[in-house]
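Quick notes on the structure that follows.
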Amino acid sequence: MTLAIGDAIPAVPLLDADGAAIDLAGLTGAPLVVYFYPKADTPGCTVEAQDFTRLADDFAKLGAQVLAVSRDAPAKLCKFRDKYGLTVRLASDEEGMVCEAFGTWVEKQNYGRSYMGIERSTFLFGADGKLAREWRKVRVKGHAEAVLEAAKAL
């Protein structure tokens, strides 16, 4: 499954790093950024989380929430958050239902080997809960800034 511009936020269950339930479909009324990253505490994923954390106040001024999703367990996300002082809200999709709903669980290639994994992707929803913009196969450098600019344009 994959989302298209204008689609509503999928109603799929998540847990945050502290084990609290997150109702994605209930996060309407303000812009929402949902970004997917492959694995906590790896170099690219750490830089991306730090970049979104650095811009957290700018997103907050827009009323926008930022949610970072991986398939890591909540306990690992908690350690990741605490180790780097991250303020972006980290969410666990251990079962992969959110990745499936967003179409980010894909076949990947590395050194000639095929495997399934998370495609680094970001989704920007408007206050109405509809998908306004998406980024697939994200390159980390400058990405958080590009998402912030798109959120300002909503």
Side-chain angles (χ1 to χ4, degrees), residues 1-10 12 14 16-17 22 24 27 30-74 76-127 129-154:
M1 180 178 181
T2 186
L3 292 177
I5 301 300
D7 285 353
I9 298 171
V12 285
L14 281 169
D16 72 10
I22 300 171
L24 272 182
L27 297 178
L32 173 65
V33 175
V34 181
Y35 80 84
F36 291 80
Y37 62 100
K39 191 170 178 141
D41 208 6
T42 57
C45 299
T46 300
V47 169
E48 187 174 26
Q50 290 172 323
D51 286 350
F52 275 103
T53 291
R54 181 174 41 80
L55 297 173
D57 288 342
D58 296 314
F59 280 103
K61 286 176 189 170
L62 300 174
Q65 299 180 63
V66 178
L67 187 64
V69 181
S70 75
R71 292 198 57 183
D72 296 305
K76 183 171 183 179
L77 296 178
C78 193
K79 287 179 186 176
F80 179 47
R81 178 194 63 203
D82 295 347
K83 179 177 180 179
Y84 294 100
L86 303 173
T87 59
V88 65
R89 191 173 186 192
L90 304 177
S92 173
D93 179 31
E94 283 187 283
E95 301 299 320
M97 292 188 307
V98 179
C99 290
E100 288 292 333
F102 279 79
T104 61
W105 189 248
V106 299
E107 185 175 350
K108 298 171 90 174
Q109 298 273 330
N110 192 20
Y111 298 109
R113 182 178 67 90
S114 294
Y115 64 97
M116 296 300 289
I118 292 179
E119 176 183 67
R120 191 181 305 275
S121 304
T122 302
F123 301 85
L124 173 62
F125 293 90
K130 305 287 185 189
L131 182 62
R133 182 91 190 264
E134 70 176 345
W135 294 261
R136 299 280 185 167
K137 298 182 182 178
V138 166
R139 299 265 184 229
V140 172
K141 186 175 178 161
H143 178 63
E145 290 83 358
V147 175
L148 178 62
E149 289 307 309
K152 287 178 182 177
L154 287 178

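Position 1 is the first residue of the sequence; numbering continues from there.
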Donor-acceptor contact present, side-chain D72 to main-chain L77, <3.5 Å: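 Such a contact is absent between D72 side chain and L77 backbone.
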For the side chain of D93 and the backbone of G96, is there at least one donor-acceptor N/O pair under 3.5 Å apart?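 Yes.
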Would [X] and [Y] pass as an ion pair if we require N to O under 4.0 Å?
{"X": "K130", "Y": "D7", "answer": "no"}
{"X": "D82", "Y": "K79", "answer": "no"}
{"X": "R136", "Y": "E119", "answer": "yes"}
{"X": "R89", "Y": "D16", "answer": "yes"}

Got a second to check how far [X]'s [atom1] is from [Y]'s [atom2], nearest 0.5 Å?
{"X": "F80", "Y": "S70", "atom1": "CZ", "atom2": "OG", "answer": "8.0 Å"}
{"X": "T53", "Y": "R81", "atom1": "OG1", "atom2": "CZ", "answer": "11.0 Å"}
{"X": "M116", "Y": "E107", "atom1": "CE", "atom2": "CD", "answer": "6.5 Å"}
{"X": "C78", "Y": "K83", "atom1": "SG", "atom2": "NZ", "answer": "13.5 Å"}
{"X": "S121", "Y": "K137", "atom1": "OG", "atom2": "NZ", "answer": "9.5 Å"}
{"X": "F123", "Y": "R133", "atom1": "CZ", "atom2": "CZ", "answer": "12.5 Å"}

Please step through side-chain contact (heavy atoms from CB on, under 4.5 Å) for the pair V34 and L27, ending with a clear verdict. CA-CA 11 Å; V34 181; L27 297 178; over 6 Å; no
Which pair of non-hydrogen atoms, one from [X] and one from [Y], has the smallest distance, and what is that distance?
{"X": "E145", "Y": "L55", "answer": "N-CD1, 3.7 Å"}
{"X": "P31", "Y": "L154", "answer": "CB-CD1, 3.9 Å"}
{"X": "A151", "Y": "F59", "answer": "CB-CE2, 4.4 Å"}

Is the charged tip of R120 near the ring of W135: under 6.0 Å from the six-membered ring centre and within 45° of its axis?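 No.
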Would you call the rings of Y35 and Y37 parallel, tilted or perpendicular, where under 30° means parallel and over 60° means perpendicular?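 Taking Y37 first and then Y35, their aromatic rings sit tilted (interplane angle of 30° to 60°).
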Looking at K141, I want to see if its NZ is surrounded by more than 12 non-hydrogen atoms of other residues, nucleotides or ligands under 6.0 Å.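 Atom NZ in K141 is not crowded, with 12 or fewer foreign heavy atoms closer than 6.0 Å.
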May I ask you to check whether over 12 heavy atoms, not counting those of R139, lie within 6.0 Å of atom CZ?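 It does not: R139 CZ has 12 such atoms or fewer within range.
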Check against side-chain contact (heavy atoms from CB on, under 4.5 Å), L32 and L124: CA-CA 6 Å; L32 173 65; L124 173 62; over 6 Å; no
